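Here is how names work: the chains are called A, B, and so on, in the same order as the sequence lines, proteins then strands, and each is numbered from 1. Since the structure is predicted, the reported quantities are computational estimates derived from the model, not experimental observations.
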There are 2 protein chains.
Amino acid sequence: MGLDLEAVTGVLASKGLKITHQRIVVYQALLAAKNHPTAEQIYDSIKSQNPSISLATVYKTLETLAENLLIHKVSTPQGTMRYDARIDNHNHIYISNTNEILDYEDEELSKILLNYLKKKNFDNLSITDFKVQIKGEKINPDKGISIT
Amino acid sequence: MGLDLEAVTGVLASKGLKITHQRIVVYQALLAAKNHPTAEQIYDSIKSQNPSISLATVYKTLETLAENLLIHKVSTPQGTMRYDARIDNHNHIYISNTNEILDYEDEELSKILLNYLKKKNFDNLSITDFKVQIKGEKINPDKGISIT
DNA sequence: TATCAATTAATAATTATTATTATTTGGGAT
DNA sequence: ATCCCAAATAATAATAATTATTAATTGATA
């Protein structure tokens, strides 16, 4: 994770977006974040270095990036929106007792689902995205989750 | 869908909840609803017959019902909360161009996922729920979706 | 039927997000 | 390099969704 300035400007340019300091900073902050942050968390993370960037601009910038498919919006069981710089197809694990959202990616799972959905024929529906939402809680909130 | 008064009072009692007119009305309204309504939509649907029930009470009642696992809260890509009286395990299809949320249930899919998750061993995670979120749009917004 | 904790109505407050508007700016044209 | 202007931003107000407060009411137990 984390793209350098050149890479970020290149990505913005590839979408025809103007290269602005605000967009670079917000995008880099999200790329660097590990935790599917809220708009406010991104705002907090950048404001010491960029005190003139307003929260509304952070929202607007995230919206612009999402519209251009550079990032994803992630809705949560709490209803507040969080953001994700990962745009490859992956799933999320919602941890209720720590409020974390973890990425979960497994090629096997993706294949299984894709196969399943291909087999089914949804009439009058064009599927744009699908993912598995796993909800759970950490047994020990201070430790990570591993798959064995 | 739709439980009679006796059934609803029985369900509330089984959870140790006081039987109140408000709870009966809100619960029945949700049971009768087809569209994963918002709190406000439920409020609107009951207020002509029950003008004294306030929106805050609708929210509180829904929260109580959800805490007692009689209903589910459904978060949406828009961030607003919607409610679902179906509590059996099922999946949702989010239709972006009509803002509908459709239930999608398929035994085969449930089996596939359950098998998959059982095979995987998530360390330090207790899974409480999992579902597939399908996003898409209707080709013809005025027609339904069928599976062939 | 009296009691009292739980519930509700009415409303205020809060939180998350979006809109408004005046000002500024990136980047193409000159 | 400078001019120009649509697009972007800062500052702030407004809105939408939800939650909190508090006084009054009520369900259900004794």
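- In this structure, the CG atom of Leu62(B) is 15 Å from the P atom of dA17(D), given to the nearest Å.
- At a non-hydrogen distance threshold of 4.0 Å, Lys18(B), Thr20(B), Gln22(B) from residues 5-22 of chain B come into contact with DNA chain C.
- Under the rule for a salt bridge (charged side-chain N to carboxylate O under 4.0 Å, His left out), Glu67(B) has no partner lying at least two apart in sequence or in another chain.
- Within 6.0 Å of the CD atom in Gln49(A), the count of heavy atoms belonging to other residues, nucleotides or ligands does not exceed 12.
- Between His36(A) and His92(A), the two ring planes are perpendicular [angle over 60°; tilted spans 30° to 60°].
- Rounded to an integer number of Å, the gap from Leu55(A) CG to dA16(C) P is 10 Å.
- In the set dA19(C), dT8(C), dA10(C), the nucleotide with an atom closest to the side chain of Arg23(B) is dT8(C).
- Atom-to-atom, NZ of Lys60(B) to C1' of dA10(C) comes out at 14 Å; the value is rounded to the nearest Å.
- In this structure, CD of Gln78(B) is placed 18 Å from P of dA16(C), rounded to the nearest angstrom.
- In this structure, Glu63(A) places its CD atom 9 Å from P of dA19(C), rounding to the nearest Å.
- Across all strands shown, Ser52(B) has heavy atoms under 4.0 Å from sugar-phosphate atoms exclusively, and none from any base.
- When all heavy atoms of Arg86(A) and His72(A) are compared, the pair lying nearest together is O-ND1, 3.8 Å.
- Ile53(A) has its CD1 atom 14 Å from the C1' atom of dT24(C), to the nearest Å.
- Contact check, Thr57(B) against dA9(C): a side-chain N or O comes under 4.0 Å of OP1 or OP2.
- A close approach under 4.0 Å does occur between a side-chain nitrogen or oxygen of Tyr59(B) and OP1 or OP2 of dT18(D).
- Between Asn89(A) and Glu105(A), the closest heavy-atom pair is O-OE2, 3.8 Å.
- No contact: Ala39(B) has no heavy atom under 4.0 Å from any strand.
- Atom-to-atom, NZ of Lys47(A) to C1' of dA10(D) comes out at 15 Å; the value is rounded to the nearest Å.
- What separates CG of Asn50(A) from C1' of dT9(D) is a distance of 13 Å, to the nearest Å.
- Scanning for salt bridge (charged side-chain N to carboxylate O under 4.0 Å, His left out) contacts around Glu137(A) gives an empty result, with sequence neighbours left out.
- Asn35(B) places no side-chain N or O within donor-acceptor distance of the main-chain N or O of Pro37(B), the cut-off being under 3.5 Å.
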